[in-house]
Amino acid sequence: MSRPVIGITCYVEPAKFTVWEMTTALLPYMYVEHVTRAGGQAVILPPAGEPSVLVERLDGLIIAGGGDIDPARYGARPQEQTGYVREFRDEAEFGLMEAALGSGLPFLGICRGLQVLNVARGGTLHQHLPDVVGHTAHSPAPGTFGRVPVRLSPGLAKIYDSEDLTPAHYHHQAIDRLGDGLEVTAESEDGTIEAVELPGHPFALAVQWHPEADEDGPLFHALVKHARRTLGT
């Protein structure tokens with residue numbers, strides 16, 4: 001049985017590895033491991049050239065976590081806490097999103113990926129969530145995941161086989177105004193929107209948490225399952 005090809009977007013940042021220190025296209029390997037375990041073939045998509053034209057060669061797409069989206073894309077000015085904005089990555093990923101949604105390509109957004117989907121659909125973001133909810137549990141310290149309980153909709157609960165979840169979080173931004181046509185499918189107790197779906201699309205799901213950080217990977221299995229349908233296997 002052929003493995004569905006799952007494209008995953010990535011960072012471009014200064015990095016150190018072995019004896020080198022240079023600008024690098026990189027991605028936490030947890031993403032690749034989850035896709036592989038789910039039966040997919042991971043392909044990393046750097047934000048260069050025109051990655052949106054690759055959609056026709058993919059069976060599924062993951063827009064991974066990363067820095068903040070340029071607030072100008074949702075009609076706002078950057079606040080002091082907004083950071084790690086990479087306009088070249090915005091350009092690439094918004095193009096990928098438009099192509100994926102237009103072609104019906106199965107799609108999973110993770111953290112930043114949820115925000116790209118929301119802004120692409122005309123929504124806006126809270127630029128610094130602690131100012132809204134009054135705590136930092138969603139991103140407790142640099143390089144440290146928080147554990148925030150979320151309540152899942154019946155459809156998402158079916159994927160996780162549970163109505164409640166305490167996944168890994170690392171985000172200081174979140175959805176403010178919901179994008180056109182999106183349906184909220186998970187929320188935390190403080191009211192933060194934690195997952196959305198696009199009804200009518202074969203599979204378009206995005207979560208604010210980091211499922212790649214947990215050993216169990218039902219969202220990756222769900223994506224690969226729908227990608228197999230696209231592939232016809």
Side-chain angles (χ1 to χ4, degrees), residues 8-9 28 30-31 34 61-69 71 74 81-82 84 93 97 100-101 106-141 143-199 201 203-223 226:
I8 313 173
T9 64
M30 298 177 291
Y31 287 91
H34 273 296
L61 173 67
I62 296 172
I63 293 189
D68 296 336
I69 295 168
Y74 50 93
Q81 300 89 344
T82 298
Y84 300 105
E93 292 184 352
M97 177 66 68
L101 295 180
F107 159 77
L108 174 62
I110 294 177
C111 196
R112 170 186 164 89
L114 175 143
Q115 296 165 12
V116 171
L117 174 61
N118 190 63
V119 173
R121 301 291 296 183
T124 63
L125 303 176
H126 295 299
Q127 289 191 51
H128 194 57
L129 189 58
D131 292 343
V132 179
V133 299
H135 62 82
T136 60
H138 296 272
S139 182
T144 302
F145 288 113
R147 292 285 173 176
V148 179
V150 298
R151 184 75 172 176
L152 308 182
S153 70
L156 193 50
K158 190 173 182 180
I159 292 176
Y160 273 98
D161 196 27
S162 175
E163 295 180 348
D164 299 287
L165 190 68
T166 306
H169 293 251
Y170 192 74
H171 63 98
H172 82 111
Q173 298 194 338
I175 290 175
D176 180 4
R177 186 181 71 244
L178 189 65
D180 296 339
L182 296 179
E183 177 183 337
V184 176
T185 53
E187 292 184 86
S188 57
E189 292 181 356
D190 59 23
T192 301
I193 295 173
E194 298 287 354
V196 297
E197 296 182 36
L198 182 61
H201 189 280
F203 184 84
L205 168 64
V207 298
Q208 189 61 78
W209 64 84
H210 282 269
E212 79 281 4
D214 289 318
E215 184 175 350
D216 191 21
L219 293 182
F220 296 92
H221 283 273
L223 173 66
H226 283 82

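As the structure is a computational prediction, the values presented were derived from the model and not from experiment.
- Summarising the geometry of Ala64 relative to Thr9, their closest heavy-atom pair is N-OG1, 3.0 Å, with the distance given to 0.1 Å.
- Separation of atoms NE2 (His171) and SG (Cys111) is listed at 6.5 Å; rounding is to 0.5 Å.
- Separating the OH atom in Tyr74 from the CG atom in Asn118 is a distance of 10.0 Å, to the nearest 0.5 Å.
- Here the rule is side chain to side chain donor-acceptor pair (under 3.5 Å) with Gln208, and of His169, His138, Gln115, Arg112 only Gln115 fits it.
- Between Trp209 and Val148 there is no side-chain heavy-atom pair separated by less than 4.5 Å.
- Of all heavy-atom pairs between Gln127 and Thr82, the closest is OE1-OG1, 2.5 Å.
- Side-chain contact between His34 and Pro211 is absent, with no heavy atoms from C-beta onward closer than 4.5 Å.
- For the side-chain contact (heavy atoms from CB on, under 4.5 Å) criterion with Leu156, the lone passing option out of Leu219, Val150, Leu165 is Leu219.
- The CZ atom of Arg147 sits 4.5 Å away from the CG atom of Asp214 when rounded to the nearest 0.5 Å.
- Rounding to the nearest 0.5 Å gives a distance of 8.5 Å between CG of Leu125 and CG of Leu114.
- Atom CD of Glu189 has 12 or fewer heavy atoms from other residues, nucleotides or ligands within 6.0 Å.
- Here the straight-line distance linking atom CD1 of Ile63 with atom CZ of Phe107 works out to 4.5 Å at 0.5 Å rounding.
- Side chain of His126 to main chain of His128: no donor-acceptor pair is present (N/O by atom type, distance under 3.5 Å, no hydrogens or angles).
- Put simply, the side chain of Thr192 never gets that close to the backbone of Glu194: no donor and acceptor are under 3.5 Å apart.
- Shown here for Ala137 and His135, the closest heavy-atom pair between the two residues is N-ND1, 3.1 Å.
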Contacts table for residues 174-183: side-chain donor-acceptor under 3.5 angstrom, sequence neighbours left out:
unit_1 : atom_1 : unit_2 : atom_2 : d
Arg177 : NH2    : Gly122 : O      : 2.7

Does the side-chain contact (heavy atoms from CB on, under 4.5 Å) test come out yes or no for Asp68 and Gln81, once each step is laid out? CA-CA 10 Å; Asp68 296 336; Gln81 300 89 344; over 6 Å; no
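- In summary, the side chains of Glu212 and His210 do present a donor paired with an acceptor at a separation below 3.5 Å, with no hydrogens or angles considered.
- In this structure, Asp190 and Ser188 approach most closely via the heavy-atom pair OD1-OG, 2.6 Å.
- No side-chain heavy atom of Ile69 sits under 4.5 Å from any side-chain heavy atom of Gln173.
- Put simply, CD on Glu187 and CZ on Arg151 are 11.5 Å apart, with the number rounded to the nearest 0.5 Å.
- Closest of all the heavy-atom pairs between Thr185 and Val196 is OG1-N, 3.6 Å.
- The two residues Ser139 and Tyr170 have their closest heavy-atom pair at OG-CE1, 3.5 Å.
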